Amino acid sequence: MNQAISDLFQLELPQLEARLARLLGDIMPPDEAARAACKARWDAVGKPLGSLGLLETDTQKIAALTGSAKLDLSARTLLVFCADNGVVAQGVSQCGNEVTGFVTRALAEGRSSACTMARVARCRVQPVDMGVHGLVGEEIPGLVRCRVMDGTADFTQGPAMTRTQALQALLAGAALARQQAEAGCRLLLIGEMGIGNTTTSSAVAAVLLGCPPEAVTGRGAGLSNAGLARKLAAIRAGIAQNRPDPADPLAVLAALGGLDIAAMAGACLGAAAARLPLLLDGFISTVAALAAVRLCPAAEAALLASHRSAEPAGQMLLDALGLSPLLCAGLRLGEGTGALAALPLFDMAMAMYGGAEFSSYGMDAYTPQN
């Protein structure tokens, strides 16, 4: 654990709240002149105006965030936040929480699904242990340790974590995002690994969206009808037990969320503060993004949607964030794999962005038509 993050675990709640306020204060509005310059460059490329759709508008959004129409997305990192969830005790998942440790180890060793895809997409993968129960005291090269606690508590019995712990996880995620920007990363991806985290995400989504649990809860990794019933019962019990205030996103994260969700919310805020574009994965990362945007609406300027999750709330969350996905392929693997799948589209967009202009064809550029 690096010193900046280690220091967080020595702070009391008022100090952590002050750190959050400073982080939110660092998030600036987008640069509209840079957005316009990026659009002008796209309009000069030899193709019909706006014909690359989201690839054009997303890159214009990146230009506005970074303050420059000179785009370079070649240096990219996927942060995979890993943590266990106490609500697994309610039988809400197909497997036990030991699987979180198995996959986290595979991420560190370059053997996971995300690592396989990342090699094709030329993306670095960095797993982060936010609180994986099965890895306590184990030395694992390549794994960043930001352990807040040994997995969250069962939210059907009380809060998943304290407000202090939720803030520690959130600020650790923000610090990691800012460190990536300082190290030269130009596009940050986020993903997660944690058995039971579609349950925690559905609970948070239900509260933040003001929806009944059944509207936002799916089968996750393949639950049976009985398993889905247990999952819904746990979410209802957690909401009834904790009664979090939807107007206080941090309270919702503490009551019902996971360390991975809180850290991803922090990464969204840290990336926005560092003017680093962040590519979301699926359902769980968009729940985290919604919490971040509820804390600071200006953070949306840093966020890009890779795909629409197959989970029931996938489109609802994107609508709440005002984001449009590049892919609609029924993906639901997690680990950041959906974000990785979108990277080749950005590579092709960048190739086009630097491509031939109309003048090279010996023709006039297209002009807008009324």
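For clarity, every value in this text was computed on a predicted model and none was experimentally measured.
Looking at Asn242, its side chain never comes within 3.5 Å of a backbone N or O of Pro244 through a donor-acceptor pair. Side chain of Gln90 to main chain of Val87: no donor-acceptor pair is present (N/O by atom type, distance under 3.5 Å, no hydrogens or angles). With hydrogens and angles disregarded, no donor-acceptor distance shorter than 3.5 Å links the side chain of Arg122 to the backbone of Leu343. Judged by distance alone, the side chain of Asp260 and the main-chain N or O of Cys82 form no donor-acceptor pair under 3.5 Å. Between the side chain of Arg294 and the backbone N or O of Pro249, no donor-acceptor pair lies under 3.5 Å. Counting only distance, with no hydrogens or angles, the side chain of Asn2 and the backbone of Ile5 share a donor-acceptor pair below 3.5 Å. Proximity of a side-chain donor or acceptor of Ser306 to a complementary backbone N or O of Leu280 within less than 3.5 Å is detected. Judged by distance alone, the side chain of Thr286 and the main-chain N or O of Ala289 form no donor-acceptor pair under 3.5 Å. Checking side-chain atoms of Arg332 against main-chain N and O of Gly220 turns up a donor-acceptor pair under 3.5 Å. The backbone N or O of Gly218 lies less than 3.5 Å from a partner atom in the side chain of Lys231, making a donor-acceptor pair.
Cluster annotation: Phe283 and Val207 are assigned to the same hydrophobic cluster (Ile/Leu/Val/Met/Phe/Trp/Tyr, side-chain heavy-atom contacts under 4.5 Å, transitive). Cluster annotation: Leu65 is not connected to Met350 through the hydrophobic network of ILVMFWY side chains, with a link wherever side-chain heavy atoms come within less than 4.5 Å. A chain of hydrophobic side-chain contacts below 4.5 Å, direct or via other Ile, Leu, Val, Met, Phe, Trp or Tyr residues, connects Ile235 to Met161. The hydrophobic cluster containing Leu269 does not contain Leu304, counting ILVMFWY residues as joined when their side-chain heavy atoms lie under 4.5 angstrom apart, directly or transitively. The hydrophobic cluster containing Leu278 does not contain Leu71, counting ILVMFWY residues as joined when their side-chain heavy atoms lie under 4.5 angstrom apart, directly or transitively.
Side-chain contact between Leu189 and Asp281 is absent, with no heavy-atom pair separated by less than 4.5 Å. Between Thr104 and Leu135 there is a side-chain heavy-atom pair separated by less than 4.5 Å. When side chains are defined from C-beta on, Leu317 does not count as touching Leu323, because their heavy atoms never get closer than 4.5 Å. Arg178 is not listed as a side-chain neighbour of Leu276, based on a closest heavy-atom distance of 4.5 Å or more. For the pair Ile284/Met264, a side-chain contact is recorded, criterion being any heavy-atom separation below 4.5 Å from C-beta on. Side-chain contact between Tyr353 and Leu73 is absent, with no heavy atoms from C-beta onward closer than 4.5 Å. Arg147 has its side chain out of reach of Phe9: every pair of non-hydrogen atoms, C-beta onward, lies at least 4.5 Å apart. Using a 4.5 Å heavy-atom cutoff, the side chains of Ile190 and Cys268 are in contact.
With rounding to the nearest 0.5 Å, the separation of OG1 in Thr337 from NE2 in His307 is 6.5 Å. In this structure, Ile195 CD1 and Glu98 CD are separated by 8.0 Å, a value rounded to the nearest 0.5 Å. A distance of 11.5 Å separates CG in Leu171 from SG in Cys146, rounded to the nearest 0.5 Å. In this structure, SG on Cys123 lies 6.5 Å from CZ on Arg76, to the nearest 0.5 angstrom. Taking CG from Leu78 and CD from Gln180, the interatomic distance works out to 10.0 Å, rounded to the nearest 0.5 Å. Annotation: the span from Met117 atom CE to Glu335 atom CD amounts to 10.0 Å, rounded to 0.5 Å.
The shortest non-hydrogen separation linking Ala34 to Gly67 is CB-C, 3.6 Å. Contact between Val287 and Ser201 at its shortest, heavy atoms only, is CG2-O, 3.7 Å. Heavy-atom minimum distance, Arg186 versus Ala181: NH1-O, 4.0 Å. Nearest approach of Ser112 to Leu107, heavy atoms of both residues: OG-CD2, 3.0 Å. Between Val125 and Ala118, the closest heavy-atom pair is CG2-CB, 3.4 Å. Of all the heavy atoms in Leu24 and Cys296, the pair that sits closest is CD2-CB, 3.7 Å.
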- Task: Take Leu167 and Leu11 through the side-chain contact (heavy atoms from CB on, under 4.5 Å) test and state the conclusion after the steps.
- Result: CA-CA 10 Å; Leu167 262 173; Leu11 301 179; over 6 Å; no

- Could you give me the CA-CA distance, side-chain angles and deciding distance for Arg41 and Glu56, then say whether salt bridge (charged side-chain N to carboxylate O under 4.0 Å, His left out) is met? CA-CA 10 Å; Arg41 170 57 202 161; Glu56 294 190 38; over 6 Å; no

- Item | Chi angles and distances behind the salt bridge (charged side-chain N to carboxylate O under 4.0 Å, His left out) call for Glu300, Lys61 | CA-CA 10 Å; Glu300 185 277 328; Lys61 187 175 185 179; 2.5 Å; yes

- Kindly determine whether Gln241 and Thr156 satisfy side-chain contact (heavy atoms from CB on, under 4.5 Å), including the steps that lead there. CA-CA 6 Å; Gln241 170 74 26; Thr156 68; over 6 Å; no

- Task: Evaluate the criterion salt bridge (charged side-chain N to carboxylate O under 4.0 Å, His left out) for residue pair Arg236 and Glu214; output intermediate values, then yes/no.
- Result: CA-CA 9 Å; Arg236 293 189 189 100; Glu214 56 269 23; 3.3 Å; yes

- Please assess Leu327 against Leu345 for the test side-chain contact (heavy atoms from CB on, under 4.5 Å), listing each intermediate value before the final yes or no. CA-CA 10 Å; Leu327 300 171; Leu345 291 174; 3.8 Å; yes

- Task: Kindly indicate, with the supporting measurements, whether the criterion salt bridge (charged side-chain N to carboxylate O under 4.0 Å, His left out) is fulfilled by Arg163 and Asp248.
- Result: CA-CA 11 Å; Arg163 191 177 183 90; Asp248 184 352; 3.0 Å; yes

- Message: Test side-chain contact (heavy atoms from CB on, under 4.5 Å) on Leu79 and Val144; report intermediate values, then the result.
- Response: CA-CA 10 Å; Leu79 293 177; Val144 170; over 6 Å; no

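Listed by first and then second residue, the ring pair (Phe, Tyr, Trp, His ring centres under 6.0 Å) pairs that reach into residues 79-107 come to none, sequence neighbours excluded.
Listed by chain and number, the residues in a ring-ring contact (aromatic ring centres under 6.0 Å, His included) with Phe358 are Tyr366 (sequence neighbours excluded).
Salt bridge Asp26/Arg22: absent, no basic N to carboxylate O contact under 4.0 Å. Between Asp31 and Arg275 there is no salt bridge, since no side-chain nitrogen of the basic residue lies less than 4.0 Å from a carboxylate oxygen of the acidic one.
Around CD of Glu12, the count of heavy atoms belonging to other residues, nucleotides or ligands within 6.0 Å does not exceed 12.
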